[in-house]
Amino acid sequence: MSHKNILKNLAIIMDGNGRWAKERGLIRTKGHEKGADVIRDITQYCAEHKTIETVTLYAFSTENWKRPKYEVDFLMRLLDSWLKKELPTYHKFGAKFETVGDISGFSKKLQETIASIKQQTAHHTNVTQILALNYGARDEIVRAVNKLISQDIKVTEESLGDALDSPYTDIDLLVRTSGEQRLSNFLLWQLSYSEFYFTQTLWPDFNALELDDIISQFYDVDRRFGGI
């Protein structure tokens, strides 16, 4: 079956962990734990999908530092332990691990874990899973411009695109869970011509079945990229 659109680059804003926990009378960190498990399901789906090359997941924004310290500390510990625990999953599904964002703000231990998982999965080719960590699109664009200025390179669309954290092409489809309809400073450059899909489902309740249904709808959208 041929489709009008081909989905290569998918991005997801994983929203609703806190609300999911609150609805169940649990502390917010329980929502983050459950949400982390969903990533495995989605990564497997993307790795086995015929055309998806990258899936970029908004995991921790530059604004998330404003959250209560106990929650931020928990998220840092969760990320460190989750990455180590997920290594067999990356190997099993042939998923390469990458990041976007400024991870220099993380602890040395966490930076080493991130570097280690990247190195150990670098040879995988089924899908590239990109976690956006300490990421903000405005911050990414400013850092890219400063990089070009420091190298005395003229700022053009092409040179700026190349200087961004993510060396990947434009995002085809953005999915945001939990009913919120905003971009929250995520991949502003890469989302210029993306299709957007907002689902009411909270991230811990999201699954590959719903993602597959969303992608089916994406296939039949008329994407004109500014043309007629």
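The first residue in the sequence is number 1, and the count goes up from there. Values in this document were obtained by computation on a predicted structure and should not be read as measured data. All heavy atoms count here, side chains included; hydrogens, waters and symmetry mates do not.
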For [X] versus [Y], what's the shortest heavy-atom pair and its separation?
X      : Y      : value
Leu79  : Leu131 : CD1-CD1, 4.0 Å
Ser104 : Asp102 : OG-OD1, 2.6 Å
Ala163 : Ala144 : O-CB, 3.6 Å
Gly31  : Ala21  : N-CB, 3.8 Å
Phe186 : Ala132 : CE1-CB, 3.9 Å

Measure from the side-chain N and O atoms of [X] to the backbone N and O of [Y], and report whether any donor-acceptor pair falls under 3.5 Å.
X      : Y      : answer
Asp41  : Ala208 : yes
Arg40  : Ala36  : no
Thr121 : Phe97  : yes
Asn185 : Gly136 : no
Arg28  : Asn17  : no
Tyr58  : Tyr135 : yes
Ser194 : Phe196 : no
Trp203 : Thr177 : no
Glu53  : Asn9   : no

Open item on the list: Using the rule given for side chain to side chain contact (heavy atoms under 4.5 Å, CB included), can you reason through Val175 versus Leu10, listing the C-alpha separation, both sets of side-chain angles and the distance that settles it, and then say yes or no?
Closed with: CA-CA 8 Å; Val175 177; Leu10 169 70; 4.2 Å; yes
If Ile, Leu, Val, Met, Phe, Trp and Tyr residues are connected whenever their side-chain heavy atoms lie under 4.5 Å apart, and connections chain through other members, are [X] and [Y] in the same group?
X      : Y      : result
Tyr70  : Trp82  : no
Val142 : Leu133 : no
Tyr219 : Val55  : yes
Phe206 : Leu26  : no
Leu110 : Ile39  : yes

More than 12 heavy atoms of other groups within 6.0 Å of [X] [atom1]:
X      : atom1 : answer
Lys118 : NZ    : yes
Arg138 : CZ    : no
Gln151 : CD    : yes

For a quick check under 3.5 Å, do [X] and [Y] share a side-chain donor-acceptor pair by atom type?
X      : Y      : answer
Glu33  : Thr29  : no
Ser159 : Lys154 : no
Thr113 : Asp80  : yes
Trp65  : Asn134 : yes
Thr199 : Glu210 : yes

Less than 4.5 Å apart, any side-chain heavy atom of [X] and any of [Y]?
X      : Y      : value
Ile215 : Ile52  : yes
His123 : Lys96  : no
Asn126 : Glu48  : no
Asn207 : Val38  : no
Lys4   : Phe218 : no
Leu187 : Thr56  : yes

Any chance you could measure [X], atom [atom1], to [Y], atom [atom2], to the nearest 0.5 Å?
X      : Y      : atom1 : atom2 : value
Glu140 : Leu160 : CD    : CG    : 8.5 Å
Arg143 : Leu148 : CZ    : CG    : 12.5 Å
Ile171 : Thr54  : CD1   : OG1   : 5.0 Å
Ile141 : Leu164 : CD1   : CG    : 6.5 Å
Asp165 : Glu98  : CG    : CD    : 11.0 Å
Leu75  : Arg67  : CG    : CZ    : 6.5 Å

Sidechain N-carboxylate O distance under 4.0 Å for [X], [Y]:
X      : Y      : result
Lys109 : Glu112 : no
Arg19  : Glu180 : yes
Asp172 : Lys8   : no
Lys34  : Asp205 : no

Open item on the list: Test side chain to side chain contact (heavy atoms under 4.5 Å, CB included) on Ile42 and Tyr45; report intermediate values, then the result.
Closed with: CA-CA 5 Å; Ile42 299 305; Tyr45 173 87; 5.5 Å; no
Task: From CA spacing to verdict: side chain to side chain contact (heavy atoms under 4.5 Å, CB included), Arg176, Met14 - done: CA-CA 6 Å; Arg176 180 169 186 151; Met14 308 180 289; over 6 Å; no
Open item on the list: Determine whether Ser107 and Gln111 satisfy the following criterion, side-chain hydrogen bond (donor to acceptor under 3.5 Å, both in side chains), listing intermediate values before the conclusion.
Closed with: CA-CA 6 Å; Ser107 69; Gln111 287 184 54; over 6 Å; no
TODO: Start with the C-alpha distance between Tyr197 and Leu174, add both sets of side-chain angles, then the distance that settles side chain to side chain contact (heavy atoms under 4.5 Å, CB included), and finish with yes or no.
DONE: CA-CA 6 Å; Tyr197 191 96; Leu174 170 78; over 6 Å; no
- [ ] Could you walk me through whether Arg77 and Asp73 pass salt bridge (charged side-chain N to carboxylate O under 4.0 Å, His left out), step by step?
- [x] CA-CA 6 Å; Arg77 289 195 307 274; Asp73 289 347; 5.2 Å; no
List, one per line, each side-chain donor-acceptor pair under 3.5 Å for residues 87-95, sequence neighbours excluded.
from	atom 1	to	atom 2	distance (Å)
Thr89	OG1	Glu86	OE1	3.3
Tyr90	OH	Gln129	OE1	2.6
His91	ND1	His124	NE2	2.8

